[in-house]
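Below, chains carry the letters A, B, ... as their sequence lines are ordered, and counting in each starts from 1.
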Protein chains: 2
Amino acid sequence: MSCETETVKVLRDTGHKATPQRLMILAALRHADGHLTANDIYGQVQVAYPYVDISTVYRTLGVLKELRLVSETDMGSGDTTYEWVQQHGRHHHLICRTCDAVTSLDHQYLENLGAGILAESGFRPDLDHFAIFGVCAECQPRS
Amino acid sequence: MSCETETVKVLRDTGHKATPQRLMILAALRHADGHLTANDIYGQVQVAYPYVDISTVYRTLGVLKELRLVSETDMGSGDTTYEWVQQHGRHHHLICRTCDAVTSLDHQYLENLGAGILAESGFRPDLDHFAIFGVCAECQPRS
DNA sequence: CATCTTATTGCAACCAGTTGCAAGTACAGT
DNA sequence: ACTGTACTTGCAACTGGTTGCAATAAGATG
């Protein structure tokens with residue numbers, strides 16, 4: 001089964017409909033290789049179909065987020081980005097609040113955190129994509 | 001030195017001014033025992049001084065956040081809350097995306113995560129107050 | 001205490017994201 | 001293929017939060 005029809009099946013099985021708008025939004029997310037803002041997606045979809053509404057984009061992203069098909073990340077600076085969730089290659093971001101540099105963080109750290117939380121309380125955290133703010137090595141005050 | 005004048009000193013030392021508006025916002029944050037939204041603070045300050053602007057509240061919260069005197073947490077449901085940062089009693093929240101229940105998480109877990117990140121990359125993460133979304137024990141699908 | 005510099009304020013316009021609603025459409029059942 | 005219903009859409013109004021700007025006030029300096 002192709003990746004596309006697989007997603008459609010997930011939608012239907014959860015009581016959602018596979019509308020053209022949603023398929024276009026899905027395509028935009030899948031073909032992008034990085035983070036996209038809601039506006040990026042809106043722009044891309046408008047090329048094929050100029051009458052979509054931005055609220056449809058947000059509502060679709062909400063559904064996909066709920067189904068854990070996309071991750072939502074607040075990267076600071078007022079832009080929320082969305083990304084197609086891959087099975088492998090999960091990554092997280094360390095964002096320096098002094099110089100705004102973004103570096104990657106291995107998923108293992110959060111995996112450990114998640115396992116600890118689950119063992120203690122039975123709560124299963126979503127750890128698809130985290131943005132952690134702080135101060136990078138370069139920007140730390142010399143002692 | 002009282003806690004109040006201590007804060008004023010921190011402001012001045014970092015090139016900020018101790019205006020009446022800021023002092024009122026500080027008082028509101030300090031006297032609250034839990035999380036406050038920007039609007040809560042706005043309302044409280046207006047009692048004493050009806051002409052403050054909501055943008056002043058947000059700008060002050062931004063300054064205090066930068067100085068690490070308050071923590072900002074997105075609790076989901078579109079409300080961002082602010083809280084005076086205590087030296088002790090740091091806590092975090094586990095928010096269930098199915099039933100919206102909020103439970104607390106011991107700071108130790110994040111302390112460990114922070115130490116790991118610092119050791120690996122020299123990045124010093126802000127871990128004042130986290131909200132972690134996921135599914136609580138009750139809401140997990142029975143297997 | 002008068003003066004000067006610089007941060008801050010209030011205002012209004014603005015931006016990202018959400019919501020209520022009537023009209024439209026996917027798709028399950030027949 | 002037709003029908004009915006529940007989900008979805010586009011629109012417009014709205015909310016939370018941000019920003020540019022001219023006027024103002026804090027507080028350092030002499």
Side-chain angles (χ1 to χ4, degrees), chain A residues 4-5 7-26 28 35-43 45-46 48-67 70-82 97 100 131, chain B residues 4-5 7-26 35-46 48-67 70-82 97 100 131:
Chain A
E4 206 90 57
T5 52
T7 306
V8 170
K9 182 167 157 37
V10 172
L11 281 172
R12 297 227 174 101
D13 286 355
T14 50
H16 298 96
K17 291 176 181 173
T19 65
Q21 290 92 330
R22 281 181 180 169
L23 297 181
M24 286 191 287
I25 292 167
L26 279 168
H35 307 106
L36 288 174
T37 65
N39 236 305
D40 292 337
I41 298 169
Y42 183 45
V45 174
Q46 275 187 319
Y49 176 40
Y51 301 109
V52 254
D53 193 77
I54 187 73
S55 69
T56 300
V57 174
Y58 281 111
R59 281 191 274 226
T60 298
L61 287 170
V63 169
L64 296 175
K65 192 172 60 178
E66 210 171 288
L67 297 174
V70 303
S71 65
E72 181 191 51
T73 313
D74 177 6
M75 299 290 277
S77 73
D79 279 314
T80 304
T81 62
Y82 298 86
R97 77 181 133 79
D100 292 327
Chain B
E4 207 88 58
T5 51
T7 306
V8 169
K9 181 167 158 35
V10 172
L11 280 173
R12 298 228 173 100
D13 286 355
T14 51
H16 298 97
K17 290 174 181 173
T19 65
Q21 290 92 331
R22 282 182 179 168
L23 298 180
M24 286 190 286
I25 291 166
L26 279 167
H35 306 106
L36 288 174
T37 65
N39 234 306
D40 292 338
I41 297 168
Y42 183 45
Q44 273 187 244
V45 173
Q46 276 188 319
Y49 177 37
Y51 301 108
V52 255
D53 192 76
I54 187 74
S55 68
T56 300
V57 175
Y58 281 110
R59 281 191 274 226
T60 299
L61 288 170
V63 169
L64 297 175
K65 193 172 60 179
E66 210 172 290
L67 297 174
V70 302
S71 65
E72 180 191 53
T73 312
D74 176 6
M75 298 291 276
S77 73
D79 280 314
T80 303
T81 62
Y82 299 85
R97 77 182 131 81
D100 292 325

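- Residue A:Gly15 is the one, among A:Gly15 and A:Ser55, whose nearest nucleotide of DNA chain D lies closer to the 5' end (criterion: closest heavy atom).
- Side-chain contact between B:Val63 and B:His16 is present, with at least one heavy-atom pair separated by less than 4.5 Å.
- Between B:Thr56 and C:dG10, a side-chain N or O to OP1/OP2 separation shorter than 4.0 Å is present.
- Counted within 6.0 Å of CD on B:Glu66, heavy atoms from surrounding residues, nucleotides or ligands total 12 or fewer; the atom is thus considered open.
- Going from atom CG of B:Asp53 over to atom P of D:dG17 covers 14 Å, rounded to whole Å.
- Atom CG of B:Asp79 is separated from atom C1' of C:dA16 by 16 Å (rounded to the nearest Å).
- The nucleotide whose nearest atom lies closest to any side-chain atom of A:His16 is, among C:dT8, D:dG10, D:dT8, D:dT8.
- Among the heavy atoms of the strands lying under 4.0 Å from A:Tyr49 are primed sugar atoms or P, OP1, OP2 only; no base atom is included.
- Distance A:Arg22 CZ to C:dG24 C1': 14 Å, rounded to the nearest Å.
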Check the pair A:Asn39 / A:Thr37 against side-chain hydrogen bond (donor to acceptor under 3.5 Å, both in side chains), numbers first and verdict last.
CA-CA 5 Å; A:Asn39 236 305; A:Thr37 65; 5.8 Å; no
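- Put simply, CG on B:Leu23 is 16 Å from P on D:dA25, counting in whole angstrom units.
- Here B:Thr19 reaches the OP1 or OP2 of C:dT9: one of its side-chain N or O atoms lies under 4.0 Å away.
- Closest to the A:Ala38 side chain, of the nucleotides D:dG17, C:dT18, C:dG17, is C:dG17.
- Between the P atom of D:dA12 and the OH atom of A:Tyr51 lies a distance of 14 Å, rounded to the nearest Å.
- Counting only heavy atoms from C-beta on, A:Thr60 has its side chain closest to D:dT9 among D:dT9, C:dT25, D:dT19.
- Contact check for A:Leu26 versus A:Val8: no side-chain heavy atoms found under the 4.5 Å cut-off.
- Listed pair B:Gln21 / D:dA25 fails the phosphate criterion, with no side-chain N or O lying under 4.0 Å from OP1 or OP2.
- Per the geometry, CG belonging to B:Leu67 stands 14 Å off C1' belonging to C:dA7, to the nearest Å.
- Side-chain contact between B:Val45 and B:Val57: absent, with no pair of heavy atoms (C-beta onward) separated by less than 4.5 Å.
- As a whole-Å value, the separation of A:Leu61 CG from D:dT8 P is 14 Å.
- For the pair B:Tyr58 and D:dT18, the criterion of a side-chain N or O lying under 4.0 Å from OP1 or OP2 is not met.
- Remark: B:Arg22 CZ to B:Leu64 CG distance equals 7.5 Å, nearest 0.5 Å.
- In this model, the phosphate group of C:dT8 is not approached by any side-chain N or O of B:Arg59 to a distance below 4.0 Å at OP1 or OP2.
- For the pair B:Ile54 CD1 and D:dG16 P, the computed distance is 9 Å after rounding to whole Å.
- Judged by closest nucleotide on DNA chain D, B:Glu72 is the one of B:Lys17 and B:Glu72 placed further toward the 5' end.
- Contact check, B:Tyr82 against D:dG16: no side-chain N or O comes under 4.0 Å of OP1 or OP2.
- At D:dG27, one or more side-chain N or O atoms of B:Arg12 fall inside 4.0 Å of OP1 or OP2 (strictly under the cut-off).
- OP1 or OP2 of C:dG17 has at least one side-chain nitrogen or oxygen of A:Thr80 nearer than 4.0 Å.
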